[in-house]
Number of protein chains: 2
Amino acid sequence: MAAFDDVRVLAFDTFGTVTDWFTGITTAVSNAAPTVDAAAFTRAWRTRYAPIMGRVEAGALPWRGLDDLQTETLHDVATEFGIVIDDATATRLVRAWRTIPGWPDAVPGLARLRERYTICALSNGSVALLTEMARHNHFGWDFIGGSDLWHHYKPARETYCGLATLMECEPSEVMMVATHQSDLDAARGFGLRTAFIERPDEWGGAPKDDSGSPHNDVHARDLIDLAERLDAP
Amino acid sequence: MAAFDDVRVLAFDTFGTVTDWFTGITTAVSNAAPTVDAAAFTRAWRTRYAPIMGRVEAGALPWRGLDDLQTETLHDVATEFGIVIDDATATRLVRAWRTIPGWPDAVPGLARLRERYTICALSNGSVALLTEMARHNHFGWDFIGGSDLWHHYKPARETYCGLATLMECEPSEVMMVATHQSDLDAARGFGLRTAFIERPDEWGGAPKDDSGSPHNDVHARDLIDLAERLDAP
């Protein structure tokens, strides 16, 4: 696809785009707290994810790693659901985000895309979290862009442009791949190309807007479809 | 090998330990400057590698990326050899360090070690350089620790301990793997474990001290031997 010949690097959001957090976390919650509605609990936890990172980026909180933020929101959700989670269980649940499963198309799709492009994770997880997730799922990243490299969370400029700098390329040579339009809108604002991936089951059957903005450069059903659209072998 | 059960991460020096810079660079020099003794030129260039990084670490020079330093030393060596290298040729020669070949044991050795350990490059190359080198050679790094992540060069503490921090582990859970004793001595000084790899041909037949310090935790002939000694499958 000639229009994207200048793209050299694909930057992937991970939670939701490459991996199925709903399945992984509901399973972990079911095991850890059998009395609660695991699906509702998982959705409530995930709903608190972006806002607390937003408070860090707004300067209302100092930099703290994702596990630390997830521990705080986990206890908040537990209170909301009327349960108490001990420290060992909290650690286990927070670490469960490291071994959430890839979507079925992730491994074959990434392998095809890697033939043509340098593929990087660009996620709000830490480098260690993303490394463990990749080893667990056999994702073959060329490079892992974790939030602790920059001490910033998406949608901060430092993450998108920081990856472009490390890859020694222009922002326009990087295509952000995500199932969240807000991530893509931020990336486009900093000069990256954008690819929307449909993940209708991201929220485990709860509604998810997969329409995607017409401003995206590519709209794909999944990562295999993305490989087709980007002419990866 | 029970003594190393606490090691979780292997950190690899790349130039010389995993890849054969002498072969790669003499080939590039032969093509670019057919009139010079390519072996002698290559050795002279490589000899200037550590000292100029040392000047950056000593504060005599501000932070500059490896390609920039290599460009400066390339022109110095050209002057020494009585030739002039134009900018396009200099760029080509500096970039030749990105596609130097792996030693024959590198790919199979790394693959075995990766089964048991998280494997990282820990090199004075940039992330982009190391990413290109890995793609060229099909090295399957879990993570690439390039000097531009820290704006420091080995043997600075920031590199060894910086990688341990990103991997969320103690320095003692990281084993540095290198064919240069000075690299291992520094790593050990910061609390890492150490493995020496013999590379008798690193300097293309010129003498190379492969005796290794008795303080090293492991001494291996190559990366396959290292896999044996670390009980990797």
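We name chains A, B, ... by the order of the sequence lines, and we start the count at 1 in each one.
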Check the surroundings of atom CZ in Arg188(A): do more than 12 heavy atoms from other residues, nucleotides or ligands lie under 6.0 Å from it? yes
When rounded to the nearest 0.5 Å, the distance separating CG of Leu149(B) from CG of Leu166(A) is 5.5 Å
Could you check which of Ile144(A), Thr165(A), Val9(A), Leu129(A) has the highest count of heavy-atom pairs closer than 4.5 Å to chain B? Ile144(A)
Salt bridge check: are Glu168(A) and Arg98(B) linked by an N-O gap of less than 4.0 Å? yes
Measuring heavy-atom distances to chain A, does Thr131(B) have an atom under 4.5 Å in its side chain, in its backbone, in both, or in neither? side chain
Nearest atoms (heavy-atom pairs only) where Arg135(B) meets Ile119(A): NH1-N, 4.5 Å
Gap between atom CZ of Phe143(A) and atom CG of Leu130(B) - 0.5 Å precision: 10.0 Å
